[in-house]
Amino acid sequence: MAYDETGRIAPVETSSGVPAAVLENVFDDPSHGEPGRDRIAVHVVWEFLLLLGLAAVTWLLWREDADALHGGALKTLLVDVAGLGLLTLAAGLSLRAAAVNLAIGPVALAAALHFAEQGDRGVREALLPALVVAALGGLALALAVVVLHVPGWAASLAGAAAVIVYIERRTSPVAVQGGYDPRRTALYLFVGFAAVAVLGGLFGAIKPVRRLVGRFRPVADPARRRGAVAATVTALALTASTVLAVLGGVLIAANGDGPVAPASGFDWSVLAIGAVMLGGTSAYGRRGGIFGTLLAVCAVEVFLAWAVTQDWTISRWAVGGATLGAGLLVTRLVETFGRPRPGGVPARPTGPGGDGTISTGWALTPSPEPADAWPSVLPVRDTDTVDSWESPRWESEPRRWDAGDR
């Protein structure tokens, strides 16, 4: 029960009986969510294992071809890491927002074809129109997701179909025009990607930021809307991911050895999404690591470079499928060991006689027993004990007044 008084406001409580002020500090999503804070230890352990894997595959590459880690070959490798890294950042941003963008691969390939055709006009003249179209297309995709409140994978699949129609207008590979060579700035491109990936992971580890970015993640019925804030953040994430895909496609085209061949581009989507999930980003959204994306992208590209030294012909579909399969296992680990610990909500404080909150909110704690179950003031009769005055022996003995009458 609660007492109303002018100037006194009862503390807001949830259905669990825990005050909202407590939930704000304990829940990642105070309105719904699980009690407790997300755990980061699973990401630390997994990223350490990724670092060991990267060191192992780098050693294999160095043993087979030491020149692959020096000079021009190293610059080419760094640009490859930056190109795939931009696609992975695009996938990771949309995954963190719980609205994965499957169109990043087709968008990257369309941007590569556009740059190959228009590169002779200059980098700025070829890049700006592509960025404008990508921003508008990403905004249209975002509006479809947040206004209709439909899954991001479904809406982006429709957008990818529209991009593939643009790609299929080419019937033959397109040679890259112009003289732009990203290998001259390979180190800066790699450092830029690494900085964005690590800083994004650090900011994503902060509870308010993680909660804000992953607010679109469903907690009950997935068809229920998550509010205007969640819609705005998700729209920005989808738009930014589409723009990042264009930049990644330009680097891939400019760093290639041959012409850009028309295709669906979904192999790039599979590889990028698999790499970001391998790095520790959950397929359900919100949860993710710090260095995992950087380490996963580097491991994938170094492995591809090592495969070349072995004269292996490996399809991008195969590498992407294997990476995505491993990423699904990582998602299960992250969701299992990264969720809050059981019993993370502190017990509700109670004072003497169950009226512990009366001094702070004029709200009395309800009694554990029902209000109409008043305790009896009379002793309760024990049915198992036989009263001596009701013993059967009094019935069997003769009564005195009966004997007197006789």
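- With sequence neighbours excluded, no residue satisfies salt bridge (Lys or Arg N to Asp or Glu O under 4.0 Å) with D120.
- Listed by chain and number, the residues in a side-chain contact (heavy atoms from CB on, under 4.5 Å) with L324 are V270, I273, M277 (sequence neighbours excluded).
- Under the rule for a side-chain hydrogen bond (donor to acceptor under 3.5 Å, both in side chains), the partners of Y166 that lie at least two apart in sequence or sit in another chain are R170.
- Residues forming a ring pair (Phe, Tyr, Trp, His ring centres under 6.0 Å) with H70 (at least two apart in sequence, or on another chain): none.
- Considering only residues two or more places apart in sequence or on other chains, F193 meets the ring pair (Phe, Tyr, Trp, His ring centres under 6.0 Å) condition with none of them.
- Residue pairs meeting the salt bridge (charged side-chain N to carboxylate O under 4.0 Å, His left out) criterion with at least one member in residues 46-70, sequence neighbours excluded, do not occur.
- Partners of A161 by side-chain contact (heavy atoms from CB on, under 4.5 Å), not counting sequence neighbours: none found.
- Applying the side chain to side chain donor-acceptor pair (under 3.5 Å) definition to pairs two or more places apart or across chains, those involving residues 315-324 are D267-R316.
- Taking the salt bridge (Lys or Arg N to Asp or Glu O under 4.0 Å) definition, one finds that R121 meets it with nothing, sequence neighbours left out.
- Checked against side-chain hydrogen bond (donor to acceptor under 3.5 Å, both in side chains), S241 has the following partners two or more places apart in sequence or in another chain: N101.
- Applying the side-chain contact (heavy atoms from CB on, under 4.5 Å) criterion to L212, with sequence neighbours excluded, gives V229, V233.
- E335 is linked by a salt bridge (Lys or Arg N to Asp or Glu O under 4.0 Å) to R217, R287, counting only residues two or more places apart in sequence or in another chain.
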